[in-house]
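The structure appears right after this line, and notes come after that.
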Amino acid sequence: MSQKRGTKRPGPSQVQYMDVDEEDTLSQTPTSSQVQHNVQRLSQSQMEAKVHELVFFLLVKDQKKIPIKRADILKHVVKDYKNVFTELLKRANQNLQQVFGMELVEIDPKHHTYILISKLPHLERESSKEDENTPKMGLLLVILSLIFMKGNVAKECKFPATPAQPTSLLPSVPNPPLLLSLPLAAVWEVLRRLRVDPGEKHKIFGDVKKLVTEEFVRQKYLEYNRLPHTDPPEFEFRWGPRAIKETSKKQILQFVSKMQNKDPTFWTNQYNEAEAEGSSAGGR
Amino acid sequence: MEEAGGSGGSDRRSRGRRSSAGPRYSRAGRSSFGQNRGGDDGAERNGEEEAGAGEGDRDDGDETTRRRLLRQQYRELITVVQKNREMMLSTRNDKLTEALEDANKLFIGVSRAREAALDAQFLVLASNLGKEKASQLHSDMTVFDPSAFAEDLLSFMGLNRLEGDESDSDNEQLASGFLPSNAWHKLGEEAKKYFRRTPTFHFMLGTFTADPPVQRPRIERQQKRAGPAERRAMPAQLKKMEESHQEATEKEVERILGILLSFFRDDPNDPISFLEFVTDPDSFARTVENMFHVSFLIRDGLARIKLDQYKLPIIEPLNPEEGENNQDTQARKQAVISMSYKEWQNIVKTFEISQPMIPPATQATT
């Protein structure tokens, strides 16, 4: 589809660009003045068409919620407009914000992947349509809540005697890291209570283990890692970069408070942490 | 709570190591608890008296200096800890454990009761701080209870605890009750409020997945499957049909020749009417077929057709040898015989044919 769309722009030099490694061409990022100069050489309509194409591409790509790679954008949309890529991205982002109320965010500065997040508050009414992702979001929220609320603590009491600790006597635990982690087993323990068992096929989620450890991970909602030096291997969950962008500790705490019918300040530590995050992120 | 447990553990440990100095701890601790420098002095004096009484004779200069240094270090440590009480109590650092570690190092050099008393004094101070730290930790961190959270989630999802679900009753850990089928949808709707997730759009003309259609492998498979099968089946079928067709015609021609010869042998002098021979009164189609087969006999020179006195065609078989001669001598003629349905009907009527001379092939063969 995208390739077909690509044919409408003039592209005699297309082939020669395609052969060049994407990362290479972009590593020599042109300065903004160079970009401006390049932009001026293109007609207004050429730029506009390209921006629209990019917006469309991003919207379609976002459907699966798998982060969009810059390499894919370059390959399928930008093609021989690489010299104005930053400008295209900027304008596409403007379009997304003004027209769709979304924002393009880079979640992995190393591999250059992007996601779209909503800038608009959630509307009660829009939830009328049933969509297969709705229950999944419920499950995800439960897992994120567990990671945040139970976080490190669960990890520590789960493994009280790792061999290194008794000899050194003084475990020098640094301040809790920003991303809390939770062992896989602790997550399943709670999910089983909610009648979601990783060993059984769930009537809504199907293969729950696959959903949680693969789909959510690919979408970057969760990070799923093997704990070092564990035999049999133990795994742990962390918040993924998409979760950090799409929600916040404060939001999660609010959810938990609502469910448990308590004030957020009830969990002082989590509350302080959420507040600290909120103020450092400029408040949400 | 866990952290508190950790420092408690280290306290206990240090106590264990110093068990040799055990009896003095309570006294020294009591005197120093809640006091300042004065307390230290008291304990020191106390220790000095005892040490002097017991071991005065073995004092050499070197040892004395070493012990003095040790005592000074202990006092310093105690002062530092007391001065930085707030910092020690903070949950953000491990100053208290660091201090304990330092004390442990000092204790290696302790050989006399006086230094041991100082160590005990520090330990009491540290334990008190540890206790305080633990209680502070307890108050500012309400432990999150995942199972209570799960119960609340189930309630939110609309769990009906009165209606028992039989399948779940075998596991006592799980809350029993009936969970409606839209439970996760309900939670999902709530969950959406906490995410800044972009909505997925849907297509006005029916569903259309964002995935590219998986047509490719299907096409390939079809081609693969169809290709060899066609090649294999088609020629085989054709060959068979041709063969069988040829065979059938040949067989039929031979059969008719046999019938003709048997009629001829029965009465060689009575000429066989071609029309009577060929015509099947029950079937026009079979009549035409018979004529077709007879034509092969004529072509191969196994029979010939001639007109009798009434100008009606008669058929007679030819001796192959004779035929060969004839073939050479006589010029062969071609003739086309047409027969319509009406003509066939007339023939049947005129010749009063009631039974075919050539019985139908199916009857004959089977």
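All chains are named by letter (A, B, ...) in the order of the sequence lines, taking the proteins before the strands, and each is independently numbered beginning at 1.
In this structure, the portion of Lys258(A) lying under 4.5 Å from any heavy atom of chain B is its side chain and not its backbone. Proximity to chain B involves both the backbone and the side chain of Ile117(A), based on heavy atoms less than 4.5 angstrom apart. If you measure heavy-atom distances from Leu59(A) to chain B, the contacts under 4.5 Å come from both the backbone and the side chain. Contact annotation for Asn133(A): only side-chain heavy atoms (C-beta onward) come within less than 4.5 Å of a heavy atom of chain B. Ala148(B) touches chain A through backbone and side chain together, each having a heavy atom under 4.5 Å away. For Tyr194(B), the parts lying under 4.5 angstrom from a heavy atom of chain A are both the backbone and the side chain. Neither the backbone nor the side chain of Leu120(A) has a heavy atom closer than 4.5 Å to any heavy atom of chain B. Contacts of Phe205(A) with chain B are made by side-chain atoms alone, with heavy-atom separations under 4.5 Å and no backbone atom involved. Interface residue Val256(A): backbone and side-chain heavy atoms are both found under 4.5 Å from chain B. Interface remark: Gln254(A) contributes backbone and side-chain atoms alike to the contact with chain B (heavy atom separation under 4.5 Å).
Within the 4.5 Å cutoff, no side-chain heavy atoms of Asn269(A) are placed close to those of Phe144(B). Contact of the Leu118(B) side chain with the Gln121(B) side chain is registered, since non-hydrogen atoms from C-beta on lie closer than 4.5 Å.
Rounded to the nearest 0.5 angstrom, Leu141(A) CG and Lys192(B) NZ are separated by 13.0 Å.
Using a 4.0 Å cut-off between charged side-chain N and carboxylate O, Glu98(B) and Lys95(B) make a salt bridge. We find that Lys210(A) and Glu215(A) are not joined by a salt bridge, their nearest charged nitrogen and carboxylate oxygen being 4.0 Å or further apart. A salt bridge links Glu190(B) with Lys193(B): the closest approach of a Lys/Arg side-chain nitrogen to an acidic carboxylate oxygen falls below 4.0 angstrom.
Under the 30°/60° scheme for interplanar angles, the aromatic rings of Tyr221(A) and Phe195(B) are found to stand perpendicular.
Remark: Asn95(A) pairs with no residue by the side-chain hydrogen bond (donor to acceptor under 3.5 Å, both in side chains) rule, at least two apart or across chains.
By number of non-hydrogen pairs under 4.5 angstrom with chain B, the leading residue of Lys65(A), Lys136(A), Met102(A) is Lys65(A).
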